[in-house]
Every structure is written in structure tokens, then in C-alpha cells.
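We use all heavy atoms of the structure for the numbers below, so side chains are in, but hydrogens, waters and symmetry mates are not. Each chain gets a letter, A, B and so on, in the order its sequence line appears, and its residues count up from 1.
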Protein chains: 2
Amino acid sequence: MKNQKAREEFEKFLKKEKHRITPERFEVMDYALGYDGHFGADELYVKMKSEHSNISRATVYNTLELLAQCDLLSKRNFGEHKSRYESNYGRKNHDHLICTNCGAIKEFTNSKIAKIVDEISRELGFEVSGYSFNIFGNCLKSDTCKNKLDTKHNIR
Amino acid sequence: MKNQKAREEFEKFLKKEKHRITPERFEVMDYALGYDGHFGADELYVKMKSEHSNISRATVYNTLELLAQCDLLSKRNFGEHKSRYESNYGRKNHDHLICTNCGAIKEFTNSKIAKIVDEISRELGFEVSGYSFNIFGNCLKSDTCKNKLDTKHNIR
DNA sequence: TTCAGTGCAAAAACTTTGCAGGAGG
DNA sequence: CCTCCTGCAAAGTTTTTGCACTGAA
């Protein structure tokens with residue numbers, strides 16, 4: 001069975017939160033975890049439809065939210081007029097550099113960031129559940145870029 | 001004259017970018033810089049309309065973009081289905097803690113962040129124009145909160 | 001059996017676009 | 001006087017909601 005461990009994790013989450021175990025939810029999970037790179041909710045819905053699923057838009061949106069809640073997906077916003085999701089399954093945490101010129105997205109990791117998050121949360125009395133750290137700029141090699149964004153991009 | 005220095009800065013930017021100097025642009029600037037806290041583009045439009053401006057939606061959206069480009073405003077996204085703006089005029093840079101429970105937004109500054117941004121950009125050959133750093137969690141004092149967000153909020 | 005979840009379509013929320021008229025340079 | 005900008009309304013994009021039906025527990 002594909003994504004067996006993810007399935008178990010999702011099922012555990014659904015039970016804990018008293019959500020029902022439905023085939024549709026696992027169908028969305030499989031598509032989401034199988035997607036290569038970042039994707040929008042509607043994008044995934046259209047893809048599933050095009051491959052003859054009879055899933056509904058509402059179910060896709062709802063399920064992606066659940067998958068993000070249980071940390072199998074990350075939900076991100078890079079300044080576009082939509083959210084992007086990406087699989088966390090079998091991947092390590094990372095943050096993003098976004099090229100505002102060509103739209104390329106690069107990943108990076110830096111252990112100091114978690115320390116800062118920790119420091120600030122202690123300072124301000126905050127119980128942290130997560131953070132987002134995006135760096136915007138120009139990748140200086142716009143020819144090899146993919147993952148185009150669709151924004152003017154002065155989000156900070 | 002209100003916001004005199006900001007006016008001059010905006011005018012300089014408009015000339016440099018070969019945009020026209022129009023009264024509407026300064027009207028939006030005045031409202032934006034005078035707004036207390038974060039605001040959405042449509043929110044500002046509605047406010048201006050309610051105060052008998054005859055500005056158009058398109059002009060508000062367009063002008064806020066320009067003001068963000070010339071750094072008089074910051075454009076932000078806290079995981080909602082919209083962008084928020086906030087005045088930079090006479091304020092120092094800061095990042096945000098967002099309470100996913102009550103929607104409160106707290107500001108913080110930490111000098112290490114800029115260093116990390118610098119480090120990473122050098123490492124990866126990126127010409128940085130800006131970054132966003134948001135921490136999500138629970139502020140543990142939901143009674144004093146304002147600035148409600150309208151999202152389930154698992155953006156990372 | 002019960003009610004959360006689903007499919008569908010319509011509505012909502014935010015943003016962008018097309019067009020005709022008006023004003024900045 | 002040439003366009004860029006504006007106001008207006010309409011359309012576009014992404015997400016949410018309402019409703020009747022279905023199927024998980």
C-alpha cells in the first residue's frame with residue numbers, strides 16, 4: 001500500500017480529532033503526498049478531476065487543511081493570492097528563498113532560526129506552534145527557473 | 001502639510017519610476033499612513049468611501065502597491081486570504097508573532113535575523129530584497145486581544 | 001440510526017481588468 | 001496633445017457556504 005506510514009499517521013490524527021475515516025480523505029492524501037513540489041488547492045482539485053476522480057472541491061480544500069494540521073503537509077504563502085502546499089512526508093524542515101524576478105523557489109535550512117524562534121517565544125510569553133521564514137530577492141540565474149509565481153511580490 | 005517628508009519621498013519615487021504625480025495617490029498615502037495598525041486594501045477603500053472620497057478601488061489597490069514598492073508601507077500576509085499593509089513611516093523594522101487562537105499580532109525585533117538573511121543569501125548567491133518572518137502560536141492572554149484574523153491558520 | 005462528510009453549485013472575499021473619459025507632463 | 005491614470009463595473013481567482021444525500025461509526 002502506497003504511503004502506508006502516512007496513512008497510519010493521518011488515521012491516528014483523524015481519530016484523535018474525532019473526524020471520520022473516509023476514502024476521499026486518503027485519496028486527497030495520496031495525490032498531495034505524490035505531488036512533486038508546491039501546489040495550490042485548486043490545482044490539486046483540477047488534477048484529480050482530470051484523472052477521473054469524482055472528488056469535490058470542498059473535500060479537497062477541507063482535507064488539505066486537515067493534512068496541514070497533522071503536519072503531513074506544510075501550508076505556505078509566498079505573497080501570491082493563494083496558498084501553496086508541500087509534502088512534509090519523509091522530508092526535513094526547511095525555509096524558502098523566493099526569486100521575485102523569475103519565481104524560482106529555493107530551499108534552505110539554518111539551525112539558528114529555531115533558536116531565535118525559541119528565544120522570542122520565551123521572551124514574549126508565546127506558546128509557539130510554528131513559524132514562516134521567507135527570503136525574497138533575485139536568484140541571478142533566471143534561465144534555470146521554474147515554479148513561476150504570479151505576483152508583483154513586495155510581500156514582507 | 002501632513003506627512004510632508006513621506007510626500008517628498010513618494011514623489012521622488014514616482015518621478016524616478018516615471019509614474020505620474022496625482023492627487024489620488026497622495027490621498028491614498030495619507031489614509032494609509034494615518035491608519036492605526038494593519039489594514040487590508042479593500043478595508044482602506046471602504047473607509048475612504050465612507051468618508052466621502054470618490055476614489056476608486058483600482059486606484060487604491062494600485063497605489064498601495066506603489067507605496068509598498070517605495071517602502072513607505074509594508075505588505076504582509078499572515079495566512080489569511082488577503083494581504084495586509086502597515087505604515088513604515090517613522091517606524092523601525094520588525095517581525096510578527098501571530099496568535100492563532102485570538103488573532104492578536106505582536107511585534108518583535110531581533111538583530112540576528114538580518115545576519116541570517118545575509119548569511120544565507122551569500123551562501124546561495126541571492127540578491128536579497130527583503131524577507132518575512134512570522135511566528136505563529138498562542139499568546140496565552142486571549143482577553144486583551146484585538147486585530148482578529150479570519151483564518152484557521154496553519155500557514156508556515 | 002445518526003450526523004459528519006460529500007458532491008455540487010452558488011456565493012463570498014479579495015483582486016484585477018476593460019473601457020471611456022480626464023488630467024499630468 | 002499624447003498617454004497614463006482614474007472611476008466604474010464587470011470579470012477573475014481562490015476559498016467558503018448551503019443544501020440534500022450518503023455512508024462511517
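Put simply, N62(B) has a side-chain N or O that comes within less than 4.0 Å of OP1 or OP2 on dT6(D). OP1 or OP2 of dT6(C) lies within a sub-4.0 Å distance of a side-chain N or O belonging to R25(A). In this structure, Y61(A) does not reach the dT16(D) phosphate: none of its side-chain N or O atoms is under 4.0 Å from OP1 or OP2. For the pair S83(A) and dT15(D), the criterion of a side-chain N or O lying under 4.0 Å from OP1 or OP2 is met.
Checking each of R57(B), K82(B), K47(B) against D42(B) for a salt bridge (Lys or Arg N to Asp or Glu O under 4.0 Å) leaves exactly one that passes, namely R57(B).
For I21(B), the side-chain atoms get nearest to dG25(C) when compared with the rest of dG25(C), dT6(D), dT15(C). Among the nucleotides dC8(D), dT15(C), dG24(C), the one closest to any side-chain atom of K49(B) is dC8(D). Comparing atom distances between the T22(A) side chain and each of dT6(D), dA24(D), dT13(D) picks out dA24(D) as nearest. Ranking dT15(C), dT6(D), dT15(D) by closeness to the A41(A) side chain, first place goes to dT15(D). Here the nucleotide nearest the side chain of T59(A), chosen from dG7(D), dT14(D), dT6(C), is dT6(C). Nearest to the side chain of D42(A), among dC8(C), dT15(D), dG12(D), sits dT15(D). Of the candidates dT15(C), dG7(C), dT6(C), dG7(C) carries the atom nearest the N54(A) side chain, counting heavy atoms from C-beta on.
Base contact: A58(B) has a heavy atom under 4.0 Å from a base atom.
For the pair L64(A) CG and dT14(D) P, the interatomic distance rounds to 14 Å; values are reported in whole Å. Rounded to an integer number of Å, the gap from CD of E65(B) to C1' of dT17(C) is 15 Å. We find that OH of Y45(B) is positioned 14 Å from C1' of dT16(C), with the value rounded to whole Å. For the pair Y85(A) OH and dT14(D) C1', the computed distance is 11 Å after rounding to whole Å. Whole-Å rounding puts the E27(B) CD to dT6(D) C1' distance at 12 Å. Rounded to whole angstrom, the span from the CG atom of L44(A) across to the C1' atom of dT14(D) amounts to 14 Å. One interatomic measurement links the two molecules: CZ of R57(B) to C1' of dA13(C), which rounds to 10 Å at whole-angstrom precision. Atom NE2 in H81(A) sits about 18 Å away from atom P in dA11(D), given to the nearest Å.
Taking the nucleotide of DNA chain D with the nearest heavy atom to each of H19(A) and I55(B), the more 5' of the two is matched to I55(B). The 5' end of DNA chain D is approached more closely, in terms of each residue's nearest nucleotide, by R20(B) than by the other of S56(B) and R20(B). Along DNA chain C, the nucleotide nearest to K15(B) and the one nearest to G40(B) differ in position, and the one closer to the 5' end is contacted by G40(B).
With 3.5 Å as the limit, one finds no donor-acceptor pair spanning the side chains of Y35(B) and E86(B). With no hydrogens or angles considered, a side-chain donor-acceptor pair links Y31(A) and E51(A) at under 3.5 Å.
The distance from the OG atom of S74(A) to the CZ atom of R91(A) is 8.5 Å, given to the nearest 0.5 Å.
Between H81(B) and H81(A), the two ring planes are parallel [angle under 30°; tilted spans 30° to 60°].
Separation of the Y131(A) and F136(B) ring centroids does not fall under the 6.0 Å cut-off.
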